[in-house]
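Everything below concerns the one structure shown next.
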Amino acid sequence: MTKDFPDHPDWLWSSPEPRRSYDVVIVGGGGHGLATAYYLAKNHGITDVAVLERGWLAGGNMARNTTIIRSNYLWDESAGIYEHALKLWEGLEDDLGYPILFSQRGVLNLAHSLQDVRESVRRVHANRLNGVDAEWLTPEEVKEVCPIVDVSPDVRYPVLGATYQPRAGIAKHDYVAWGFARAAAAMGVHLIENCEVTGVEVAGGRVQAVQTTRGRIAAGTVALAAAGHSSVVAATAGVELPVQTHPLQALVSELLEPVHPTVVMSNAVHVYVSQAHKGELVMGAGIDPYNSYRRRGAFHIIEQQMSAALELFPIFARAHVLRTWAGIVDVTPDASPVVGTTPVDGLLVNCGWGTGGFKATPGVGWCYAHTIAHGEPHPLNAPFSLERFTTGALVDEHGAAAVAH
Amino acid sequence: MLLIPCPWCGPRDEAEFHYGGQAHVAYPENPAALSDEEWARYLFFRDNPEGRFAERWNHTAGCRRWFNAVRNTATNEIEAREVIA
Amino acid sequence: MAERLSPPARFTPVSSDDLRIAEVPFLTQINLRVDPKSRAAADIGLALGAPLPTDPGTCTSAQADVLWMGPDEWLVVGERGDDPEGTIRAAAGTAHVGITDVSAQRTVISVDGPRSRDLLAHGCALDLHPRVFGPGRCAQTMLARALVVLAATGEEGFRVFVRSSFAGYLADWLLDAAGEYLRKGTVTSR
Amino acid sequence: MTSRRMAGWQGEPVRFRFDGRDYEGVRGDTLASALLANGVRTVAASPALGRPRGIYAAWTEEPNALVRYGVEPMAQATTLDLTEGLDATSLRGRGRLSEEPDTSRYDAVHAHCDVLVVGAGPAGLAAAAAAAGTGARVIIADDRPVAGGSLPDTAETVGGVPGDEWAATTLAELGGRPDVRVLSRTSVFGYYDDNYLVAVERRGADAYSRERVWRIRARQVVLATGAHERPIAFAGNDRPGVMLAGSARAYANRHGVLPGARAVVFTTNDSAYAAARDLAAAGVEIAAIVDTRDTAGHAQDGTEVLTGHVVTAVGGDEGVSSVTVSGAGHVDREIEADLLLVSGGWNPLVHLFSQAGGELRHDDATGSFVPGPVRQAVEVAGAARGVFTLAGCLEDGAAAGARAAEAAGFRMGDAFRIPETPAEEPAEPAAHLWLVEAADYATHFVDLQRDVTVADVMKATGAGLRSVEHVKRYTTAGTAHDQGKLSGVLTSAVVGHALGLPLADLGTTTFRAPYVPVGFSTLAGRDRGALHDPVRTTSLHEWHVAYGAPFENVGQWKRPWYYPRAGEDMEAAVLRECHAVRTSVGAMDASTLGKIDVQGPDAAEFLDRLYTNMMSTLKVGAIRYGVMCRPDGMVFDDGTVIRLADDRFLVTTTTGNAAAVLDWMEEWLQTEWPHLRVYCTSVTEHWATVALAGPGSRDVLAGLAPGLAVDAASFPFMTWRDTEVAGLAARVCRISFSGELAYEINVNAWDGLALWEAVMGTGTVTPYGTETMHVLRAEKGYPIVGQDTDGTVTPADLGMDWVVSKKKPDFIGKRSFARADTSRPDRKHLVGLLPADPGRLLPEGAHLVETGTLPEPPVPTLGHVTSSYRSAVLGSTFALALVSGGRDRMGEELYVPLGDELVPVTVTSHILYDPEGARRDG
C-alpha cells in the first residue's frame, strides 16, 4: 500500500446488531454524529448510545468535503464555537490516538475588490478580539505565503490582499471519522451501519423511539446529526427546520508534486483549494442554487470553477480533474447552524452547517454532547437556537463561506 | 445542467433561470396581525422534501417570467409546470 | 461637438468567405409591454403593419421588426432615425401600455455567413439548427456570459442585441471565437 | 536493443526521447507502442514500493506507464500519440506541474442531436448508421484516433473486409450525411441530468483550440463504450512483462509490435485464445495457455494448454523471466517466458451509464456488472452491456440505434444492413476467478498505480470494514490517475473473497465524472484573462482611460477611481478632487447607477409597497430618496425615485443591485400582485449620467443649457427638468450625493461622451472618481448600501427613521421592525467617529471597544468602522461606524484596537459636514 500515509490500526470498529433500546440514539454516523458519541462517552460517561447510519459510516458529507479547518468567522457567536473546535483539533490526534494528518498550513481568504478588503479587514479585527489568530496580508505577503498565486494587477479581479489564519489548515477526513468511531466504539458506543431512520416516534410531546430499516429502537434522547437529510428526519417528528438542502460540489486532480503550501479561498471568484497530503489538488466548487438531494451537481459549475482557479493559479493550467462529486448540504437563512432543543422533548437537532460542517466537527460534537447530557445547550451553541428565527437575532455569516448561499 | 421547461420559451438550460424556492408561499394578508412565530414562519421556514417539490423558477435570461414547477428533488426530474397568472 | 459614439467604440468589422461580423449601431428600439389580448395590442399591430407576434420566440417584420420578448413584451426595432414610438403611442391611445425608448440600451452586432451558426454555438446553448432556429425566430438567451437577444435574419444571418455595457466584452469574445473561421479571405476594415 | 516491430510493418519514422534516451517509432504509434517496439520493458517505478513496472494495457485503463512532457504534468503513454521530437519522462505516481505558461487555446461548443452515440466500435457504428438512416440528427463520438473500437485490436473482418477498414468506411459515410456529426479523438466524460453529456475533443497542438469541450444535449443516447479486460490478482502480477491479453493483441494488430518473444497466457475465458493465435501469427512463441477452467478453449494446434491451472509465481526481478503454474494433482511447473498475458474476462464499461443514474446489476453469466434500469433516455449496446461477439455487437447496436431514433420521433428510413461477419466458434463458458489463493498476498496487486495488494485489502476487512467504500479509503485503491478502471471491481471482488460475500452483494464504488482526466484549462475554455468575466463599461469609458484614471471593480463594472495628475498619489488626487467639488465644481460619471422605468396606473401603489417611505404622494416633476428593505426588515437598496407622470416613474438603484432590484420588482408583480397594472423596464444603459457637483455647478449648467432656468426658485432641489444640454436632449435632476449644489444630467448613452466633453470643455470642471464621491457622501453621513450596511442593518439603525413611513399600513419589511431583536435599544447605529489624533486614519473594518485597556479575549466588540477617510473640509480624518447603542453615546470616547495600540475616538453624529444642509442650494 502507498506509504505516504501513516498506517491505520488493525482494528477500527465492530458491527453489532442494534439493541431494542438505548439511552441516546444519534441519527447520522457522519463526523458530527461520531464526535458527539465520542464526547458523550468521554466527557459525560454516557455510553448506552447508538449511532445509526443509513449507509456506510462517514459516507455522507464527511467523505465529500474539502477538509478545510479554520475559525476565522465574523461574529462572536461563530468565532466562539469554531475556535473551540480549532483548539480541540490541535489536540485531537493525541486525544483519539489516531493519525488524523491535521496540518496547520494556514488559510488565505483573498480580497479582490475594495469591498472585499473592507469586509476582510473587519473580520481580521473581529477575530483578534475573539482570540482567533488572524492577519491582514498585502498582495506581496500573499505571494510569500503562497508563491503560486498570481498577484499581478492585470488579472480580471486582482488580489488586493488577504486575511490569513496561520493556525488553520486541513485534516484527513476519513481518518478523523474513523478516529472518533474507533474511540467511541472502544467505550461501548454501538455504531450501526445500513440502518436508515425512517421515522421518529413522539408521544405526549416527548420522543419515544426511532423507526429504522432494522426495526424500532427506543431512545430516551434522539439527537439528529443527519446533515442534508435533517429536515426529512425532523419532519417525521412534526418538527420543521429552517433549512434547505443543496448539492455542493468538489473535485480533485491527479497526484502532483507539492506546489501549494497553504489553503487559498476566494469569495469573489469562488475558489477554495488546497493540496492534500498525497499531492492531489482538492477544490471546492460552487453550491447548486436549487434544492436537491441528488448527490451530484451541474457541470457548468465545475467549468466556472476551473476558469476562476486559473485566474488565481496559472500553474494549474495543465492539471487534470480526476474526480468530481457532491455532498448535500443544509443551508439556513443566516448561514449559521441550528444546534439545540426542539419543541419535542428529548429530540435535539444539529443541522444547517452548510459548508462549515467539517471544520466544526470536534467543537460541535463537544457542545452537542453537552446539550444531550444536560438537556440544555452549552453556552457556545446557545446562540444557535431555533428561536433566533422568531426573535430576529440571526448570526448572519453570509460573508464567511467561500460560497454565497 | 438541467433542462428546465419554461412555459413560454420552451426547454432551456438551467443557467438561464433563477431559482425561487418553494411555490405557493403567499405574502400574508395582514403581516401586522401575525405573531412573531407566524411571521418567522413566513420569513424563514420552507418545505424541504426529498421527493416531489412545488417550486418557483424565473426565466431570468429569457422572457423574465416566473412560473411554478413540480420537481423531484431526489432525481431532479421536473414532472409538471404551470404559468403564474 | 463629438459624434455619437456606439458602444463597442473600437470594434472593427471582420469579414471572410465563411463569416462576417459587424456592428449595426444606432437602431431605434422600443420596449413595448401590453396585454396581447387587448384592443390596444391589436391596434398597435395594425399600426405597425403586422400583428404583434404571439408565438414565443418569433418576430415579424413590417414597418418595423417586432421581436417577441415575453408573453406581454416586445422589442420594436426600427432603422436609425425611425419613430415607431410615435406610431405605437398614437395607436395605444390611453390604454395601459408600457412604451419605453431603449434605443441606446442595446447595440446590435450582425453575424453572417456559412459559419455563423458554428460561431454562435461556442457560446449559445440554444439549438440553432436551421430547422429549429431559422429566419423569423428570435430568443432572449445567453451568448458567452452576456445576456442577448438573438434573431435569425436570414438562412445564415443573425442579429445579436447586446446590452451596451457588455458590447465591448462580447465583441472581444466573438472575435476570439471567430478566429478559426476567419482564415479564408479575411478582410478587416473600419 | 532489438526491434520488436513485426517484420514488414510499414510506417513513417518518428524520433522521440524517453527518460533521456533517443528512440524511433512510427507514425500512428502511441508512446507505449513505440517503447514496446524498442524493447523497453520497464517504464516506471511503482509509487510506494519502487518496484519496476511495465506497460500493462493499451488505452485509458493503463495503470503504470505515466509520463510527463512539455507542460503536461501527467499523461498515459498508452494514449499519447507519438509525435516527432516528443521528449517524455517517466513518473513515479505523481505528476509535476510546469512553471512554463500553457499558451494553448481552449474552447467549448454547444451541440444538439436526436441521437448521441458514444463509441465507434461495431455496436456504436451500427447504432449510428441505423439512427442516421431514419433522418435523425446524430452525433457519434469516439475517443480513439482510429475508428472501430476493438476491431483494429482484433483484426476481425466485417462485411468481408478488415474490420478497421469497414469502420473507417462506415464512419466516413456517416460523416458525409448533412445531419451527422462525427467527433473523433473525443472522449465523452460526463453524463448529467436531462441527457446533457460533456465530451473533450483532442484537436492537437496545431488546431485553433488544442482541446474543445462539447456540451451535448441529446434527446436519446446510445452508449456503446465497450469493455475492459479484467486483471487477476496473483503473486508477482505487477512484473514488467505481465500484460492484459487483449492489450498484447492490440499492440500486435494495431501497431505491429510484439510485446515479448515467448509468452504464457493465463486466462479464465476464450478471448485469450484468440489473442494467443494472433500473437503466434505475429511471431510470438506461445509457451503455454494456462486456463483456470477444466475445459480448454480452441487453441491453435501445437499450443500447450494447461487446464485447471493457475499462475502462482512470476520469476524475474526486472521483468518476467519465468512463470510458475500449479494445478490440482499436478506438479508445479516453471515455464520460461518473457511475457505473461492475463485475461480474467471482461467488464462492461458502465461508467457513463452509472453516471446517468442507471442502476447496475450483477450478471452471473459474465461475472460482471451490467446495466440495469435507468430513468434517462439511454440505450446501452454491445460489449458495454455484456454482448461480446462481433455479430452480436453489430446486431445489438443496430437495434439500439433504431430504437433510439424511433424514440426521438423518427421512423425507419434506410434500414441499416448488418454486414456479414465470419462464423464464430462456440464459446466455452468463462470462469470467474479474481485472485489466485495463496498463503501470502504481499505481491498480489489489486491497484498497481497505488501499490495496493490483496494483503492490504485483507488488513482493511480485518480491521472491521465491510463497505467497499471504506476499503477504498483505507487502502487508497482506485484513487490514482487511472481512476481505478482496472482495480475498482477487482477491489470489490477481493473484499468479497475476504468476507465470504458474493460480489453481487458488495457492488462497486460510485462511478463519477470525468471518465477520463480532463485538463483544468480545457474546462476553463475561453473564459480566461480578459474574458474570464464580462467587463462592463460606460459610454464615457474611453475618456477615463485616456485621462489615466485607475479603475475600481464594482461588480462587473469598471468605474474610474480617481484622476491623478502628474506627480500625484491617490491621497493627493482625492484631496484635490474633494476640494474642487466643495469650492468650485466637479463632474463624475454616474452612468452605472441602475435605472428602471416603472409605468402603469398602479405604479405609485406598487412603489408604496416596495419602498419604506411614501412614493404615491410624490408630485410629477419631483424626486424623492427611498429605501427598500427585504421582508426581514434589513436594508436591501436605496436610490432616488423621480415622477415623470401620474403613471410613470424612473427609479434609480445602486450600481451593484440594478439587476437584483428589477428582478425584485418583477417577482412581486408577477407572483404576489399580478392585479397591479405596472410594467417595469430596465433603462440603465440607455442613459449616460453625468453628475455635476459643487457651488459652481449652477453656472456651468446654465452655460451649457441656455434654455433652462437654473435659479433655485425655478429649479428647486429634488426636482427634474427635460431640456437641452450642450445641444443634446437631456433630463436634468437636481439631486445631491455630496451635500453640495448638484445636478445629474442624463442623455442618451450615444451622446454621453459628447456631453462629458462639453462639460469638460467649459474648463472649470474637475473630473472626480468614486473615491472622492465616497469621501463627499461620507462627510454628509450618507450611507452606502453594502459598505455601511451588511444585510443586518435596518433603516432605523442608519438613523433614517424619517424614511420609514408611519402612515402606510404595510410595506415590505415593516412587520419585521416589530420583532424583539429589531427593536432592541442596543442595536448598532450608524454614527460618526473623530479620532483624537486628526491625522490618524482608522482602517475600515476596525472594531470598537469600550475600555482603554484590552482584557483577555474574547473581548466583546461594540461595532466596527464602515467608512473612513481624510477630510479636507473637516481638517481631520473621520469615520462612519456601526456602534451598539451608538446614538446614545454621542460625545463618548471609545477605542479602536490597532495592533498593540488602542486608538481613542469620539462618537459624533454621522453627519459631520454642513448638518443644516445649507450648501445644497449653492
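Protein chains get the first letters and strands the later ones, always in sequence-line order, with residue 1 at the start of each.
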Region of D:F189 in contact with chain A, defined by heavy-atom distances below 4.5 Å: side chain

Interchain contact, A:R294 with chain D, by part (heavy-atom threshold 4.5 Å): side chain

Residue part contacting chain D, namely of A:A63, when any heavy atom lies under 4.5 Å: both

Salt-bridge contact A:R388-D:D821 (side-chain N to carboxylate O under 4.0 Å): no

Segment of A:D76 engaging chain D (4.5 angstrom heavy-atom cut-off): side chain

A:A309 versus chain D, the contacting section by heavy-atom distance below 4.5 Å: neither

Of A:H112, A:R156, A:Q115, the residue whose pairing with D:N553 passes side-chain contact (heavy atoms from CB on, under 4.5 Å): A:R156

Any side-chain donor near an acceptor of the partner, A:N194 and D:R466, under 3.5 Å: no

Check: A:F299 ring centroid to D:Y191 ring centroid under 6.0 Å: no

Toward chain D, the part of A:S120 with a non-hydrogen atom under 4.5 Å: neither

Cationic N near anionic O, under 4.0 Å, A:E257 to D:R96: yes

Chain D contact via A:T324 - which portion, at a heavy-atom distance below 4.5 Å: both

Side chains of A:R323 and D:Q483, donor plus acceptor under 3.5 Å: no

Contact class of A:N130 relative to chain D, heavy atoms under 4.5 angstrom: both

Which portion of D:H470 sits near chain A, non-hydrogen atoms under 4.5 angstrom: both

Test item: A:R318 and D:V71 side chains (from C-beta on) under 4.5 Å apart, heavy atoms: yes

Chi angles and distances behind the salt bridge (charged side-chain N to carboxylate O under 4.0 Å, His left out) call for D:D193, A:R296: CA-CA 9 Å; D:D193 290 333; A:R296 70 183 293 176; 5.2 Å; no

Short N-O contact, A:E303 and D:R215, less than 4.0 angstrom: yes

Within-4.5 Å side-chain heavy-atom neighbours: A:Q305 and D:F520: no

Under 4.5 Å from any heavy atom of chain D - which part of A:W136: neither

Toward chain D, the part of A:I148 with a non-hydrogen atom under 4.5 Å: neither

Any side-chain donor near an acceptor of the partner, A:Q304 and D:H532, under 3.5 Å: no

Between A:G59, A:G131, A:P314, A:A126, the one whose heavy-atom pairs under 4.5 Å with chain D are most numerous: A:A126

